Every structure is written in structure tokens, then in C-alpha cells.
Amino acid sequence: MNSKISDKVLQWYDANRRTLPWRYEQVQIADPYRVWLSEMMLQQTQVDTVIPYFQKFTAKWPTVNDLASADLDDVLHMWQGLGYYARARNLHKCAKTISEQFDGAFPRSPEELANLPGIGPYASAAIAAIAFNVPATVVDGNVARIVSRVFGFSTPIQQNQKQIYSAAESLTPLLRAGDYAQALMDIGSGICTPRSPKCQTCPLHTDCKAYASGIPEQFPGKLIKPSIPTRYAVAFICIKDNNILLRKRTGEKMLHGLWELPGSDWYADSLPELPDEMQAPYADVKHTFSHFHLITRVVQASEIDPEYLNGAEVACNINELDQLALSTLTKKLLKVRNRNG
DNA sequence: GTCCGGTGCT
DNA sequence: AGCACCGGAC
């Protein structure tokens with residue numbers, strides 16, 4: 001009964017699987033390094049966004065030992081734009097651990113994998129299944145949505161983790177665990193999508209309670225999210241002789257290790273006051289992070305009163321910005337320069 | 001604008 | 001258990 005579902009999933013996969021740079025054919029042996037790297041990148045990030053990053057990383061660092069020998073600054077630079085930069089720091093830390101303590105070989109069991117930096121319950125199961133065919137239960141957002149729909153769970157995913165895990169476990173096959181996990185990812189991203197599931201093309205629609213209900217998109221229920229606050233900041237674009245003032249974020253603040261425009265802290269209430277002569281020209285740029293909006297007043301000036309700087313700025317050639325790790329926020333702020341000339 | 005999503009820290 | 005963390009799809 002349950003094995004029938006995994007059989008349908010695997011048959012669908014054999015006919016419809018996506019070709020992706022980290023996937024291997026059945027005649028090939030999986031490279032755990034590539035499986036691990038892809039899974040780290042795919043957390044919180046869509047396949048199409050990940051592909052060029054994966055290509056760049058594997059070209060520059062073909063093995064985990066190569067990545068372990070890299071500088072963290074280079075890793076952050078290569079990661080720029082992918083977001084959640086703690087992933088890049090943990091990636092580097094994990095590569096060093098594998099290289100130095102595991103002789104360059106990833107462990108096979110989910111339990112050992114879960115002890116490594118950046119590898120949690122999802123990734124440990126996914127790597128064990130995909131790289132080593134261990135029949136671990138792999139539950140990410142896609143799987144949780146598929147399982148909720150097949151079983152007709154209306155409880156929001158966040159409040160139903162145990163039931164979802166048990167249901168997912170009951171479907172997981174003992175053989176071809178890696179193909180099965182990847183098949184569910186493909187079905188989740190291409191068919192069983194959050195808003196408009198394409199049930200007619202789904203191999204499980206005749207097994208699916210949500211489909212039978214006629215309103216599959218309403219499974220699982222959604223959690224009402226509280227609205228997030230807005231913060232405010234001032235940042236300076238100060239260019240002289242082709243050099244722009246930048247500083248490197250330090251400490252434990254978000255985006256630390258990346259370069260940014262000098263400016264104020266991010267205040268909870270309103271835009272920091274500036275003297276009139278520093279107000280023009282400027283542009284207000286809005287950016288949204290996971291837990292707050294940020295409105296930044298970008299002021300362009302050839303000189304900045306040192307009172308507004310912290311003394312840690314570095315003059316960087318504006319034609320060599322592509323050699324530094326910049327967040328998407330900083331790139332967005334830098335575009336003001338093109339707008340205002 | 002609104003929604004989506006793994007891990008680590010506390 | 002609750003919160004911090006980013007960018008892209010719709």
C-alpha cells in the first residue's frame with residue numbers, strides 16, 4: 001500500500017527527473033562533496049539560483065580538501081548574492097572538519113553528518129540518502145507540503161512536524177532512497193507547488209486527500225505571520241579619484257565579513273538626522289530582510305565629516321568592487337550612483 | 001506588496 | 001521554544 005506510493009514516485013522520477021549539475025546517473029557513483037555542497041546551497045534557495053554558484057564553486061574547488069584550504073574571504077566572495085551568509089561560514093568550517101578530522105571523507109550516517117557545522121536534520125538525512133543511499137527520512141518544505149496534501153493534513157507545517165515526519169517515514173522506501181528524496185524535491189518544486197499545484201500531472205493525485213477535496217492549494221493550512229518592523233539608516237557614497245569608501249562588517253552582526261558603505265547604525269524609529277548640507281543628493285532605498293524592512297537614505301558626497309565615519313573605512317577602487325564580497329543590499333545601494341550620476 | 005524556507009543560538 | 005538570518009518567485 002505505502003510501497004505503492006514510493007513506486008509511483010520512483011517511476012515518475014525515472015521518466016521526468018531534472019538534469020542538474022550535482023546529480024549523477026545510476027551507473028555513476030555519487031560524489032558526497034558535490035551532494036553536500038548542493039544541499040548547503042539549496043537550503044532556502046531555489047534550484048535555478050543555485051546552479052551558477054554550484055558551477056563556480058566546483059570549478060574553483062573540485063574537492064572538499066580544496067575548499068578547506070581556501071580563505072574564508074574568498075568563500076564569502078563566491079557566495080555573494082546567495083544570502084544567509086552563515087551558510088558560507090559553516091560551509092568553510094565543515095570543509096575544514098572533513099578535511100582535517102575525517103581524512104577528506106564524509107561520514108555516511110545521518111547522526112554523524114548532523115554533528116557537522118551547517119548540517120541539521122534535513123541536510124543530514126538528504127546527504128545520507130542521496131550520497132550513500134541510506135534510507136533516511138528526508139523532510140524539507142517540499143516534502144512537508146506533499147505529505148500534508150497526500151494525507152490531508154490541514155494543520156500548518158510549523159505546528160505539525162511530528163505527524164508529518166511519521167507520515168513521511170511511512171512512505172520512505174528501503175531501496176533507491178536518494179532517487180526517492182530527489183524525486184520528491186522535483187515534484188514539490190514543479191508540481192505540488194504552494195499556490196497552484198498541477199495535480200493533473202502528479203503521479204500521486206489518485207492517492208491524495210487534498211486533491212480529492214477539490215481545494216488542494218488549501219493544504220496544509222497557512223500560519224498567519226505577524227508583520228515585520230521597519231528600520232532606518234543613512235549610508236554614504238563617497239567617491240574621490242575613482243576610490244569609494246567602504247568598510248568590512250565585523251563582530252557577530254548580520255552580514256559580517258561582507259563589505260558595505262559607511263553609514264549609521266540601523267535604527268528602529270526613524271531616519272537619523274543629518275545637517276542640511278549633507279542631504280542632497282540622496283535617494284531612499286528599501287530592502288527587506290527576513291525579520292525587518294530597512295529604509296536607507298543614500299547620501300552622495302565627495303567629502304564626509306569624520307564625525308559620521310568610524311575610522312575603519314578603506315578607499316577601494318570603484319572598478320575593482322567585483323573582487324569584494326558585497327550583500328545584495330549593498331549592491332542595491334550602490335546603484336543609486338548610476339541614477340543620480 | 002506577500003509568501004517561502006533549514007540551521008544555529010539562546 | 002522562539003528568534004535571527006537573505007533573496008527571489010509570484
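Side chains are part of it too, since the values below use all heavy atoms of this structure and drop only hydrogens, waters and symmetry mates. In what follows, chains are A, B, ... by sequence order, proteins preceding strands, each numbered from 1. Only a predicted model underlies this, so the values are computations on that prediction, with no experimental measurement involved.
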*Mind checking which nucleotides bracket the chain A contacts on DNA chain C, 5' to 3', with an atom under 4.0 Å from a heavy atom?*
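Counting from the 5' end, contacts occupy dA4(C) to dG8(C).
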
Base, sugar-phosphate or nothing for [X]? Non-hydrogen atoms, less than 4.0 Å.
X	answer
Q43(A)	sugar-phosphate
S290(A)	base
K286(A)	sugar-phosphate

Which residues pass the side-chain contact (heavy atoms from CB on, under 4.5 Å) test with [X], not counting sequence neighbours?
X	answer
Q163(A)	F153(A), N160(A)
P156(A)	Q158(A), Q159(A), L223(A)
S38(A)	W22(A), L42(A), F54(A)
K286(A)	H293(A), I295(A)

*asked:* For a quick test of reading the model, state the closest non-hydrogen atom pair linking S327(A) to L258(A) and the distance between them.
replied: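 In terms of heavy atoms, the two residues are closest at N-CD2, 3.6 Å.
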
*What are the two closest non-hydrogen atoms of G81(A) and T328(A), and how far apart are they?*
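Smallest heavy-atom distance, with atoms named: CA-OG1, 3.9 Å.
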
What are the residues of [range], sorted by number, that bring a heavy atom to within less than 4.0 Å of DNA chain B?
range	answer
residues 110-124 of chain A	L116(A), P117(A), G118(A), I119(A), G120(A), P121(A), Y122(A), A123(A)
residues 132-142 of chain A	D140(A), G141(A)
residues 74-97 of chain A	Y84(A), N90(A)

Okay, side chain of [X], backbone of [Y]: is any donor-acceptor separation there less than 3.5 Å?
X	Y	result
S264(A)	V234(A)	yes
H205(A)	Y211(A)	no
D103(A)	A105(A)	no

*Any idea how F289(A) and F292(A) line up, ring-wise: parallel (<30°), tilted (30 to 60°), or perpendicular (>60°)?*
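It falls in the tilted class, 30° to 60°.
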
*asked:* If you assign each of T288(A) and R195(A) to its closest nucleotide in DNA chain C, which residue comes earlier from the 5' end?
replied: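 The residue mapped nearer the 5' terminus is T288(A).
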
_Quick test of your reading: applying ring-ring contact (aromatic ring centres under 6.0 Å, His included), list the pairs with at least one residue in residues 117-142 of chain A, sequence neighbours left out, ordered by first then second residue._
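For residues 117-142 of chain A: none.
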
*Which residue pairs pass the salt bridge (charged side-chain N to carboxylate O under 4.0 Å, His left out) test with at least one member in residues 229-242 of chain A, sequence neighbours excluded?*
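Qualifying pairs, neighbours excluded: K240(A)-E303(A).
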
*asked:* Going 5' to 3' along DNA chain B, which are the first and last nucleotides with any atom under 4.0 Å from a heavy atom of chain A?
replied: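 Counting from the 5' end, contacts occupy dG1(B) to dG8(B).
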
*Starting from the C-alpha separation in whole Å, work towards a yes-or-no answer on side-chain hydrogen bond (donor to acceptor under 3.5 Å, both in side chains) for E112(A) and S109(A).*
CA-CA 5 Å; E112(A) 284 178 283; S109(A) 76; 3.2 Å; yes

*Ring-face cation contact, Y53(A) with K56(A), 6.0 Å cut, 45° max*: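 Judged by the rule, K56(A) and Y53(A) form a cation-pi pair.
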
*With sequence neighbours excluded, give me every side chain to side chain donor-acceptor pair (under 3.5 Å) pair touching residues 131-146 of chain A.*
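Sorted result for residues 131-146 of chain A: D140(A)-N142(A), N142(A)-R145(A).
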
